[in-house]
There are 2 protein chains.
Amino acid sequence: MFSIGELSKRTGVKIPTIRYYEQMGLIAAPERSEGNQRRYSKDGLKRLSFIRHSRQLGFSIDDIRGLLELSQHPEKPCRDAHNMAARRLEDVQARIAKLKRLEHELKRISGCDADNIADCAVIETLADHGLCETDH
Amino acid sequence: MFSIGELSKRTGVKIPTIRYYEQMGLIAAPERSEGNQRRYSKDGLKRLSFIRHSRQLGFSIDDIRGLLELSQHPEKPCRDAHNMAARRLEDVQARIAKLKRLEHELKRISGCDADNIADCAVIETLADHGLCETDH
DNA sequence: CTTGAACCTATAGCCGCTAGAGAGATTATA
DNA sequence: TATAATCTCTCTAGCGGCTATAGGTTCAAG
């Protein structure tokens, strides 16, 4: 049995975030001490670790609700879990692609060595999208 | 002189977003028609295009305020503009790096071909960070 | 028993929009 | 000119995923 502060330290999830997850229904309301403070078990720790890890991989709160539900039913097929991971992967890949285009553009405009705004590629490019090399 | 709808079509910025930018002080309050509707000039169009393009490159509203201010003073040195672009570039690169680690992890867990949750790498990995290959 | 750290609830704020309600303006057609 | 269809106006609230603050209570160590 540990306090919310302990749980926070052990999982790396901040205290208000833990309470937020409780509100969102990701974790069950835990037992309370006589003075009404939350007391967590090892199960609570496991569950929160799962959540934290899922968040780190970019799953939404809603996705995580689904994943947690699945994880409680080991006999179920795992198609749904795979689908979620696959969608997540697609999303991540799309974002990488987009950021790479931005990186390209930012590198290009940062390369300008003018010394005043009038000749500065940064400002000039922002003012005129036509000067860009890639779409975005 | 065009209406907010026209401006929206020409720049690709949605109407409520234009009003939001006005509220945020990125664009000046434009003239109004007799019936109190906004009427924009070509200058307004230019400014909004600048803003839109900056947003596409990921600059924050605050950054854009600075960039717009700079763009109004062509005689100033462009060090500040370069610094902002450089910071932006760093940020983009950091995000790419992080997303690539996620991509790696998601690919790995998606590769599992178990057919029930009990043996599914997706769920198993989420439950135990120790199974991951990279940091995140 | 006292102190100070940790905890409680409730509410508001962050960013960058987006959506909706309910009213008024403008424009196109009959 | 009347009317209908489409814009536009302001105001307020909501999104996701937290984070911060205020004002109070409880816990554990000395």
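In what follows, chains carry the letters A, B, and so on, assigned in the order in which the sequence lines appear, proteins first and then strands, with residues in each chain numbered from 1. Since the structure is predicted, the reported quantities are computational estimates derived from the model, not experimental observations.
The distance between atom CD of A/E22 and atom C1' of C/dA10, rounded to the nearest whole Å, is 14 Å. Note: CE (B/M24) to P (C/dT18) measures 14 Å, nearest angstrom. Taking atom CE of residue A/M1 and atom P of nucleotide C/dA6, one finds them 21 Å apart after rounding to whole Å. Atom CZ of A/F2 and atom C1' of D/dC27 are 18 Å apart (whole Å). Rounded to an integer number of Å, the gap from B/Q56 CD to C/dG16 P is 15 Å. In this structure, A/Q37 atom CD and C/dA5 atom P are separated by 16 Å, rounded to whole Å. In this structure, A/D63 atom CG and D/dG17 atom C1' are separated by 14 Å, rounded to whole Å. Atom OH in B/Y20 sits about 17 Å away from atom P in D/dC15, given to the nearest Å.
Place B/R55 and B/R19 on DNA chain C by their nearest nucleotides, and B/R55 ends up nearer the 5' end. Of the residues near DNA chain C, A/I4 and A/Q23, the one whose nearest nucleotide (by heavy atom distance) lies more toward the 5' end is A/I4.
A search for side-chain contact (heavy atoms from CB on, under 4.5 Å) contacts involving A/E31 returns A/M1, not counting sequence neighbours. The ring pair (Phe, Tyr, Trp, His ring centres under 6.0 Å) check on A/H104 picks up nothing, with sequence neighbours excluded.
Minimum atom distance to the side chain of B/S60 is reached by C/dG16, of the listed D/dT8, C/dC7, C/dG16. Across C/dT9, D/dC27, D/dC18, the shortest atom-to-atom separation from the side chain of A/Y21 is found for D/dC18. Proximity note for A/R38 (side chain, C-beta onward) versus C/dC8, C/dG16, D/dC7: the nearest is C/dC8.
The shortest distance between the side-chain N/O atoms of B/R32 and the OP1/OP2 oxygens of D/dT10 is below 4.0 Å. Contact annotation: B/S33 reaches the phosphate of C/dT26 (side-chain N/O to OP1 or OP2, under 4.0 Å).
Ion pairing between B/R19 and B/E22 fails under the 4.0 Å rule for side-chain N and carboxylate O.
With a 4.5 Å cut-off on side-chain heavy atoms, B/I117 and A/E75 do not count as touching. Looking at A/Y40 and A/I18, their side chains come closer than 4.5 Å, going by heavy atoms from C-beta outward.
Rounding to the nearest 0.5 angstrom, the gap separating the CD1 atom in B/I123 from the OG atom in A/S54 is 7.5 Å.
Residues from residues 6-18 of chain B that place a heavy atom under 4.0 Å from any atom of DNA chain D, listed by number: B/I15.
Following chains of ILVMFWY side-chain contacts shorter than 4.5 Å, one cannot reach B/L131 starting from A/L57, and the two form parts of different hydrophobic clusters.
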